[in-house]
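Here the structure is laid out as structure tokens; the discussion comes afterwards.
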Amino acid sequence: MKIETVGIVGAGTMGNGIAQIAAVAGIKTIMIDVTDAALAKGVATLTGSLDRLVSKDKLDAATRDAALARIETSTDYKRLAAADIVIEAATENTDLKIRILRQIQEVARPDAIIASNTSSISITALGATLDNPERFIGMHFFNPVPLLPLVEVIRGVQTSEATASSVRALTEQLGKSPIGVKNAPGFVVNRILVPMINEAFFVLAEGIATPEEIDAGMRLGANHPIGPLALADLIGLDVCLSVMDVFLKDFGDSKYRACPLLRELVAAGHLGRKTKRGVYQYD
């Protein structure tokens, strides 16, 4: 299937990032959210991102303007009928994703692919809630979407080979590098990464080192470009907690118990960069 129009549900961090790279790649993009205010915020964010690329000579002004012209926004799900693929990019909540996926199914063309940008929820389980799970797949982009090259392409038990092939081709068209992943909690990257972040919170909670020292230790001793606590703030502490809770539920193994400090910070609304405060404080 040749994909010429992409629909995206969710204008938040991941949704507007996906919209940006799709539009830059020359693909007509339809971004849906529940309010005009959310859409305006998403467009403002991606416009600012494009402007920064222009200022750094990584993109020319004409390409930026053409990309912005390819993006349509709407609160009406029926606009998704024009899309060859619709990517759900909502918050990491199973019930919310299922509700959105069913709304997409009601308006999407019978031959359209439906994808979820979930970072930990079972693609097989999500697909089982749809009428045609063979055309459902996972596309896990990484934050910030315009900068990080990886996309995990996750096949559920029901996902067809044709769907997987089309999505891998789309991923490459977007300028990203796909890796094929079997359905499993956390897939590949988060299965390894988020428990490491969780362990960094345990180290912090036990007073073994300060946040700065923990992050410096992993940068300087393990050659990581960013420390685990600073990365948690970038990802969102609520997202990290949600992933750990999914691991604990799906694996039933106590080694995936979320650190109480992580849970406490989320309860306080200290979610990281997006709330200006997490492990660190941001102006």
Side-chain angles (χ1 to χ4, degrees), residues 3 5-25 27-50 67-68 70-108 112-121 123 126-127 129-130 136-148 151-154 167 170-171 174 176 187 190 234-236 238-240 242-243 246 271-275:
I3 294 173
T5 302
V6 171
I8 299 162
V9 177
T13 301
M14 301 306 292
N16 70 62
I18 298 167
Q20 176 182 325
I21 63 170
V24 169
I27 301 170
K28 180 173 173 53
T29 304
I30 304 165
M31 188 164 64
I32 303 290
D33 212 313
V34 292
T35 67
D36 289 327
L39 290 166
K41 184 177 179 181
V43 170
T45 299
L46 70 86
T47 301
S49 175
L50 290 170
L68 290 171
R70 292 187 190 101
I71 298 172
E72 172 190 341
T73 62
S74 179
T75 58
D76 185 0
Y77 270 72
K78 292 178 181 177
R79 295 297 304 131
L80 296 173
D84 301 306
I85 182 171
V86 181
I87 303 170
E88 168 273 312
T91 305
E92 197 73 353
N93 177 286
T94 301
D95 291 340
L96 174 63
K97 285 185 180 290
I98 289 172
R99 187 163 67 248
I100 290 172
L101 290 170
R102 285 175 171 166
Q103 286 181 272
I104 293 169
Q105 176 179 257
E106 288 177 6
V107 297
I113 294 169
I114 301 176
S116 174
N117 181 53
T118 180
S119 57
S120 64
I121 300 170
I123 296 302
L126 291 176
T129 69
L130 302 177
F136 179 69
I137 197 165
M139 289 185 79
H140 180 207
F141 293 82
F142 290 78
N143 183 32
V145 177
L147 300 181
L148 294 185
V151 176
E152 289 179 318
V153 178
I154 308 111
V167 168
L170 171 64
T171 301
L174 295 175
K176 301 299 182 183
F187 316 127
N190 279 346
L234 178 62
I235 294 169
D238 54 335
V239 176
C240 294
S242 175
V243 172
V246 167
L271 308 183
R273 288 181 177 271
K274 60 189 172 186
T275 60

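Fair warning: this is a prediction, and the values are worked out from it, not measured in the lab.
- Separating the CZ atom in Arg273 from the CG atom in Leu234 is a distance of 6.0 Å, to the nearest 0.5 Å.
- For Glu72, the salt bridge (charged side-chain N to carboxylate O under 4.0 Å, His left out) test picks out Lys28, Arg79, with sequence neighbours left out.
- Asp33 places a side-chain N or O within donor-acceptor distance of the main-chain N or O of Ala11, the cut-off being under 3.5 Å.
- Here the CD atom belonging to Gln103 is positioned 10.5 Å from the CD1 atom belonging to Ile32, to the nearest 0.5 angstrom.
- Remark: Ile114 CD1 to Gln105 CD distance equals 6.0 Å, nearest 0.5 Å.
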Hey, mind stepping through Val145 and Gln20 against side chain to side chain contact (heavy atoms under 4.5 Å, CB included) and telling me if it holds?
CA-CA 9 Å; Val145 177; Gln20 176 182 325; over 6 Å; no
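- In the displayed structure, Asp36 atom CG is contacted under 6.0 Å by at most 12 heavy atoms of other residues, nucleotides or ligands.
- Between Thr118 and Ile123, the closest side-chain pair of non-hydrogen atoms falls below 4.5 Å.
- Of the possible polar contacts, none joining the Asn16 side chain to the Val43 backbone as a donor-acceptor pair under 3.5 Å is found.
- In terms of heavy-atom proximity, Ile113 sits nearest to Ile137 at CG2-CG2, 4.2 Å.
- The two residues Arg70 and Val24 make their nearest non-hydrogen contact at NH1-O, 4.4 Å.
- Distance check: Phe136 CZ to Ser116 OG gives 5.0 Å after rounding to the nearest 0.5 Å.
- For the pair Asn117 (side chain) and Phe141 (backbone), a donor-acceptor distance under 3.5 Å is present.
- The closest donor-acceptor contact from the side chain of Lys97 to the backbone of Ala90 lies under 3.5 Å.
- Shown here for Phe187 and Ile121, the closest heavy-atom pair between the two residues is CZ-O, 3.4 Å.
- Taking the side chain as every heavy atom from C-beta outward, Ile85 and Met139 approach each other to under 4.5 Å.
- By the 4.5 Å heavy-atom criterion applied to side chains, Val151 and Leu174 are not counted as neighbours.
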Does Leu46 form a side chain to side chain contact (heavy atoms under 4.5 Å, CB included) with Ile71? I'd like the steps, not just the answer.
CA-CA 11 Å; Leu46 70 86; Ile71 298 172; 3.7 Å; yes
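- Partners of Ser120 by side-chain hydrogen bond (donor to acceptor under 3.5 Å, both in side chains), not counting sequence neighbours, listed by chain and number: Glu92.
- In this structure the side chain of Tyr77 reaches within 4.5 angstrom of the side chain of Ile100, judged on heavy atoms.
- Using a distance-only test at 3.5 Å, with no hydrogens or angles considered, a donor-acceptor pair links the side chain of Thr29 to the main chain of Ile27.
- Thr45 places a side-chain N or O within 3.5 Å of a backbone atom of Lys41 that can act as its donor or acceptor partner.
- Between the side chain of Asn190 and the backbone N or O of Ser119 there is at least one donor-acceptor pair closer than 3.5 Å.
- Taking both residues in full, the closest heavy atoms of Met31 and Leu39 are given as O-CD2, 3.4 Å, listed atom of the first, atom of the second, then distance.
- In this structure, Leu126 and Ile98 have side chains that are in contact, with non-hydrogen atoms separated by less than 4.5 Å.
- Between the side chain of Ser74 and the backbone N or O of Asp76 there is at least one donor-acceptor pair closer than 3.5 Å.
- Listed here is the closest heavy atom pair of Ile8 and Ala89: CG2-CB, 4.4 Å.
- Every residue two or more places apart in sequence or in another chain that forms a side-chain hydrogen bond (donor to acceptor under 3.5 Å, both in side chains) with Lys274 is listed here: Asp238.
- Residues Glu88 and Leu101 approach most closely at CB-CD2, 3.9 Å, considering heavy atoms.
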